[in-house]
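In what follows, a structure is listed as structure tokens, so that the remarks can point back to it.
Whatever order the structure lists ligands and atoms in, that order sets their numbers, starting from 1. Atom set for the values below is all heavy atoms of this structure, side chains included, hydrogens, waters and symmetry mates excluded.
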Amino acid sequence: MSGKIIDGKAISQQIKEEVKKEAELLKKKGINPCLAVVLVGENSASRVYVNNKKKACQACGIESVSYELPEGTTEKELLDLVEKLNQDKKINGILVQLPLPKHIDETKVILAISPKKDVDCFHPQNVGALHTGGKGFLPCTPAGILELIQRSGYDIASKECVAIGRSNIVGKPVAMLLLQKNGTVTICHSKTKNLKEVCKRADIIVVATGKINTLTKDMVKPGAIVIDVGMNRNEAGKLCGDVDFEAVKEVAEAITPVPGGVGPMTIAMLMKNCLTAAKEQA
Ligand code: NDP
């Protein structure tokens, strides 16, 4: 038996088309969704991410304004730019690509972005809203994971859910979203004892460790849904996730591949947040 492969590319495409349609309707009402993308320094991976985000904006009919600042940009210069973008009525969303050069305090920059324009959902006000069930943006990768599960036809309510990883950008927020959908959630991390036993009872497993082969076949209950967030390079330099994909797909009901699973969803959800920002600010 082999599990269903959840096609993140196709699902993200579907979401981007929905965003595009809605953006067109907004434009007819005179609302022009616009994202400001800020890149500081010469990190080549960051440049690829930023270009992909700009391309996605174009595909979705969302305007993007790009600020590419030199490595030597001071913290004050960046904070001043963020403040200018906060005040600019034409800009609905602000994305400062992380990581920033070492001499700039990332926390200060995140705190400086207006929560209303914080489409990455990194500002503590939006993080707090996620935890209290208040109004705010949804974090892109975790929200994308929920879309993958739900649009593939799986219910989360009453399911045993396990998140492996407790980072602020994936593990903790995805656990919170699964809980909001009435899953019974366990969060695991590097100090968890009996990870295998905990995983073995799960109906839904989200793996976000950044470690190849964190989840192997013997840890998965037949019929479980497995979401692989990891992005690693193996010895051959090939992109791979945190799950032993070939073996686990033999027992899983459904599984996401890497690449082509969670990755494309993050950008699609960013586009959705830009649209939400434009609607809220109008
Ligand atoms: P972090 O390094 O911030 O967190 C990793 C987490 O995994 C930590 O909580 C750590 O535990 C836990 N962990 C590490 N090893 C083990 C282990 N052997 N068993 C159990 N838990 C373990 O990573 P991120 O959450 O930022 O990212 C995780 C992966 O997802 C990375 O590969 C990253 O590239 C990818 N990613 C992909 C995205 C996408 O769009 N597809 C977006 C964001 C991330 P502890 O806290 O105890 O140290």
| If you measure only the distance, is there a donor-acceptor pair under 3.5 Å linking the side chains of S152 and K4? | no
| message | side-chain contact (heavy atoms from CB on, under 4.5 Å) for V48 and N52? Distances and angles first, verdict last. | response | CA-CA 6 Å; V48 173; N52 288 342; 3.8 Å; yes
| query | Going by an N to O cut-off under 4.0 Å, is there a salt bridge joining E250 and K217? | reply | no
| task | Kindly say whether K211 contributes a backbone atom to a donor-acceptor pair with the side chain of D242 at under 3.5 angstrom? | result | yes
| task | State which residues pass side-chain hydrogen bond (donor to acceptor under 3.5 Å, both in side chains) with N234; sequence neighbours excluded, sorted by chain then number. | result | none
| query | Would you say T276 and F137 make side-chain contact, with heavy atoms under 4.5 Å? | reply | yes
| task | Check each protein residue for a heavy atom under 4.0 Å from ligand 1 and list those that pass, ordered by chain and number. | result | T141, I164, G165, R166, S167, I169, V170, H189, S190, L195, A208, T209, G210, K211, V229, G230, M231, N232, V262, G263, T266
